[in-house]
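Notes follow once the structure below has been shown.
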Amino acid sequence: MTEQENIDLKTSERLPEHLSVQAAHIQEVHNVPMKVLIRPFPSVLDEKKVVSLMETIENPETVDLVPPIDILWIKGRQGGDYFYSFGGCHRYEAYKRLKQEFIPCKIFKSTISDLQSYLGGSTPDLL
Ligand SMILES: Nc1ncnc2c1ncn2[C@@H]1O[C@H](COP(=O)(O)OP(=O)(O)OP(=O)(O)O)[C@@H](O)[C@H]1O
């Protein structure tokens, strides 16, 4: 099984804009391998918030207080799978420092043009 098969992608659906708020309450949470996430932008971090999040995540009694991060799932033109992460900077950093292999995510099926709205002319040619 490849890393990406760990994620049950079949259950993810692209959300129409007008449904995103309602659907946010019902969309499934997937444990996504940290190493498949692509984060094009450096994070500006509040150190205290990262440390506080680490403590919350480490404690089984409080970990559920931390919501999943949102990621974009984009299919390349030759079928490749790409998982982009833009927000969730503090949660991502906390999971990274805790050396967690997986991070809880909501996966939004997205297109190259969605990606272009973040990356503009720097959008890569995804295969
Ligand atoms: N100890 C904690 N410190 C900060 N946030 C916490 C903590 N425990 C639970 N949370 C929750 O985790 C989420 C953190 O989201 P927040 O938008 O503040 O940061 P982020 O998305 O990880 O980073 P950024 O907004 O910089 O991209 C919030 O929903 C918050 O309620």
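Atoms within a ligand are numbered from 1 in the order they appear, just like the ligands themselves. Hydrogens, waters and symmetry mates play no part in the numbers below; they use all other heavy atoms, side chains included. Numbers for residues simply follow the sequence, beginning at 1.
Listed by chain and number, residues touching ligand 1 at under 4.0 Å (heavy atoms only) are Lys49, Ser52, Leu53, Thr56, Leu65, Val66, Pro67, Gly87, Gly88, Cys89, His90, Arg91.
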Going through the checks in order, is the salt bridge (Lys or Arg N to Asp or Glu O under 4.0 Å) test met by Lys48 and Glu55?
CA-CA 11 Å; Lys48 281 191 191 148; Glu55 288 167 2; over 6 Å; no
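In this structure, Tyr118 and Phe86 have parallel ring planes: the angle between them is below the 30° cut-off, well short of the 60° mark.
Atom CD of Gln116 is surrounded by more than 12 heavy atoms from other residues, nucleotides or ligands within 6.0 Å.
A cation-pi arrangement is present between Arg39 and Tyr92 under the rule of less than 6.0 angstrom and at most 45 degrees off the ring axis.
Neither side chain, Asp114 nor Ser117, offers a donor N or O lying under 3.5 Å from an acceptor on the other.
Tyr95 and Val51 fall into different hydrophobic clusters, defined by Ile, Leu, Val, Met, Phe, Trp and Tyr side-chain heavy atoms under 4.5 Å apart, directly or through other members.
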